[in-house]
Amino acid sequence: MSSIYWLTNVRLDSGFEEDEDGVIHTRSQICHLLIEAGKIMNILPADQPLLTDLPRRDANYRLALPSFVEKHIHLDKTYMGYGWKSCKPVKSLVERLDFEAKENLLMQDTVRQRAEGMLAFISSAGATHVRTHVNIDPYVGLKHLEEVRLALEAYSDKLTYEIVAFPQHGLMRSQSVALMRQAMKEGATLVGGLDPGGIDGDIEKSLALLMEIAVEANADIDLHSHDPAELGLATMKRLAVMTEEAHYQNRVAVSHAFALGDVPIEEANETIDSFSSLGISIISTVLINRQIPPLPLLHQKGVPVALGCDGFYDSWFPFRNGDILDKANRFVERYTWIDEPSLTEALGFITGGKTTLDRSGNRVWPAVGDEASLVLVEASCSAETVARRSKRSAVMFHGNIVHGSI
């Protein structure tokens with residue numbers, strides 16, 4: 001495709017309006033977008049003459065949305081591309097970890113194949129950025145990191161990525177500190193952790209090692225916190241203190257953070273407020289089988305919130321399909337975000353914070369100078385897309401069509 005062209009007849013959200021019953025609807029506008037060197041360099045209403053000799057690509061009145069961000073996935077765990085496998089029931093997290101360790105060894109030769117199978121679907125569903133966790137442990141060493149990195153490099157013309165070095169079997173429990181340090185030198189870009197209390201058995205020492213590795217590598221942190229109630233809350237409180245001491249504001253994420261949903265909100269508020277002030281983000285998979293953090297309250301208080309598919313079709317669960325739009329849909333259903341502004345706002349949880357309109361209905365995306373990474377959708381507006389999980393007809397990355405067609 002030419003490095004400069006007009007993407008014509010693109011539908012864009014343009015504002016909110018109320019009907020006689022006070023129900024808010026989204027207006028849209030048909031526009032032409034000038035794409036140059038992977039960016040949106042001009043936006044013209046389609047009712048104005050387009051006088052140009054440049055190539056044109058007709059979007060055929062499909063809705064454009066900012067492309068999606070998959071913020072929490074495990075590319076090395078999936079069965080994608082491996083054939084059908086259901087899961088073995090277990091009685092505890094430790095039993096699941098032990099079973100996974102054995103299975104990973106049996107499937108080690110197919111890590112890249114399976115990762116690419118997952119990436120093919122994620123990319124076709126509209127994601128142009130992926131944050132993946134990769135097991136780092138004495139069982140697989142750095143093999144998963146190497147294979148996942150190769151899979152991601154094969155998709156570098158379709159998406160950008162981050163790799164979290166993840167001590168799935170516990171940083172201390174599996175004695176993986178040296179391996180984690182080595183992973184940060186061989187392609188991992190973030191430092192991960194797992195349940196300093198419930199798995200490592202020492203909140204203070206486990207978090208101190210996590211922070212030490214991150215500071216040494218000048219890398220951000222993404223900590224899995226499954227620990228419930230008081231144990232998980234104690235971990236997050238201590239993490240907040242260490243974040244401030246290390247001057248790591250806006251560089252730390254907590255994935256799952258179940259404890260914030262387990263304890264009374266009055267007890268969680270102090271931690272939520274500290275996360276807001278320190279820029280500690282929460283990444284959730286919007287589970288339906290247990291309590292999760294109060295995501296709307298976190299968002300309201302200024303805590304960055306993002307969604308991810310986590311593992312899907314793997315040794316943990318045989319469910320789901322890796323479509324991040326499904327997570328946004330589950331979010332709005334779970335929290336009854338049913339009106340137009342709320343549905344529009346929910347899009348931001350799967351786009352890295354980008355929405356088409358602000359709460360007042362002013363268009364904020366796209367703007368001149370924005371990256372031309374977008375999804376063309378068969379829907380009238382972004383609210384309909386989130387509510388109905390609308391069909392995606394094309395995905396663009398840096399101005400190039402990487403899936404579908406126009």
Side-chain angles (χ1 to χ4, degrees), residues 65-80 114-115 117-135 148 151-152 155 159-166 168 188-195 220-226 251-258 260-261 275 280-296 298-299 303-317 319-335 346-355 375 386 389:
L65 298 176
S67 59
F68 303 155
V69 174
E70 169 52 73
K71 206 65 172 179
H72 185 118
I73 203 82
H74 294 263
L75 288 176
D76 58 334
K77 296 181 187 294
T78 186
Y79 294 156
M80 293 284 280
R114 291 181 286 110
M118 182 184 283
L119 284 169
F121 186 87
I122 291 171
S123 178
S124 68
T128 61
H129 183 82
V130 172
R131 175 182 289 189
T132 180
H133 300 258
V134 177
N135 275 26
V148 167
L152 287 163
Y155 273 75
L159 49 80
T160 53
Y161 58 86
E162 305 165 275
I163 302 176
V164 185
F166 179 46
Q168 172 72 86
T189 57
L190 285 89
V191 179
L194 173 74
D195 296 336
D220 291 0
I221 291 169
D222 191 336
L223 170 71
H224 280 62
S225 180
H226 309 98
R251 301 192 65 178
V252 176
V254 180
S255 290
H256 306 304
F258 292 137
L260 292 178
F275 277 21
I280 296 176
S281 59
I282 296 292
I283 303 172
S284 177
T285 60
V286 200
L287 293 180
I288 60 175
N289 60 347
R290 69 151 296 160
Q291 289 293 329
I292 63 173
L295 300 177
L298 287 160
H299 178 62
V303 177
V305 173
L307 304 181
C309 287
D310 197 4
F312 65 86
Y313 185 37
D314 57 19
S315 67
W316 294 65
F317 295 104
F319 312 122
R320 299 186 292 275
N321 59 11
D323 186 349
I324 191 62
L325 183 58
D326 284 353
K327 291 295 181 180
N329 177 265
R330 180 181 289 183
F331 174 95
V332 295
E333 184 172 4
R334 175 162 185 158
Y335 294 107
L347 183 71
F349 298 138
I350 62 168
T351 60
K354 296 176 184 176
T355 58
V375 186
V386 171
R389 296 179 295 179

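Each residue takes its place number in the sequence, starting with 1.
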From Val69, Leu307, Val386, residue fulfilling side-chain contact (heavy atoms from CB on, under 4.5 Å) relative to Ile350: Leu307

Provide the closest heavy-atom pair for [X] versus [Y] in the form atom of the first, atom of the second, distance.
X: Asp323; Y: Ala125; value: OD1-CB, 3.8 Å
X: Leu295; Y: Ile292; value: CD1-CD1, 4.1 Å
X: Phe121; Y: Gly322; value: CE2-C, 3.9 Å
X: Lys71; Y: Ala306; value: CG-CB, 3.8 Å
X: Ser225; Y: Val254; value: CB-CG1, 3.8 Å
X: Arg330; Y: Leu287; value: NH1-CA, 4.2 Å

Taking atom [atom1] of [X] and atom [atom2] of [Y], what is their separation to the nearest 0.5 Å?
X: Ser67; Y: Lys354; atom1: OG; atom2: NZ; answer: 6.0 Å
X: Asp76; Y: Arg114; atom1: CG; atom2: CZ; answer: 7.5 Å
X: Ile283; Y: Asp222; atom1: CD1; atom2: CG; answer: 4.5 Å
X: Phe331; Y: His299; atom1: CZ; atom2: NE2; answer: 7.5 Å
X: Ile324; Y: Thr285; atom1: CD1; atom2: OG1; answer: 9.5 Å
X: Arg131; Y: Ser255; atom1: CZ; atom2: OG; answer: 7.5 Å

Treating [X] as the side-chain partner and [Y] as the backbone partner, does any N or O pair qualify as donor plus acceptor under 3.5 Å?
X: Thr78; Y: Met118; answer: no
X: Glu162; Y: Leu190; answer: no
X: Glu70; Y: His72; answer: yes

Please tell me if the side chains of [X] and [Y] come closer than 4.5 Å, counting only heavy atoms from C-beta onward.
X: His74; Y: Asp310; result: yes
X: Leu159; Y: Leu152; result: yes
X: Thr351; Y: Phe68; result: yes

Set of ring pair (Phe, Tyr, Trp, His ring centres under 6.0 Å) partners for Tyr155, sequence neighbours left out: none

Parallel, tilted or perpendicular, as decided by the 30° and 60° cut-offs, for the rings of His133 and His224: perpendicular

With Arg290 via salt bridge (Lys or Arg N to Asp or Glu O under 4.0 Å) - residues at least two apart: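 In terms of salt bridge (Lys or Arg N to Asp or Glu O under 4.0 Å), with neighbours along the sequence ignored, Arg290 is linked to Asp262.
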
For Val303, all residues meeting side chain to side chain contact (heavy atoms under 4.5 Å, CB included), sequence neighbours excluded: Ile272, Phe275, Ser276, Ile282, Leu298

Side chain to side chain contact (heavy atoms under 4.5 Å, CB included) assessment of Leu194 paired with His226: CA-CA 8 Å; Leu194 173 74; His226 309 98; 3.3 Å; yes

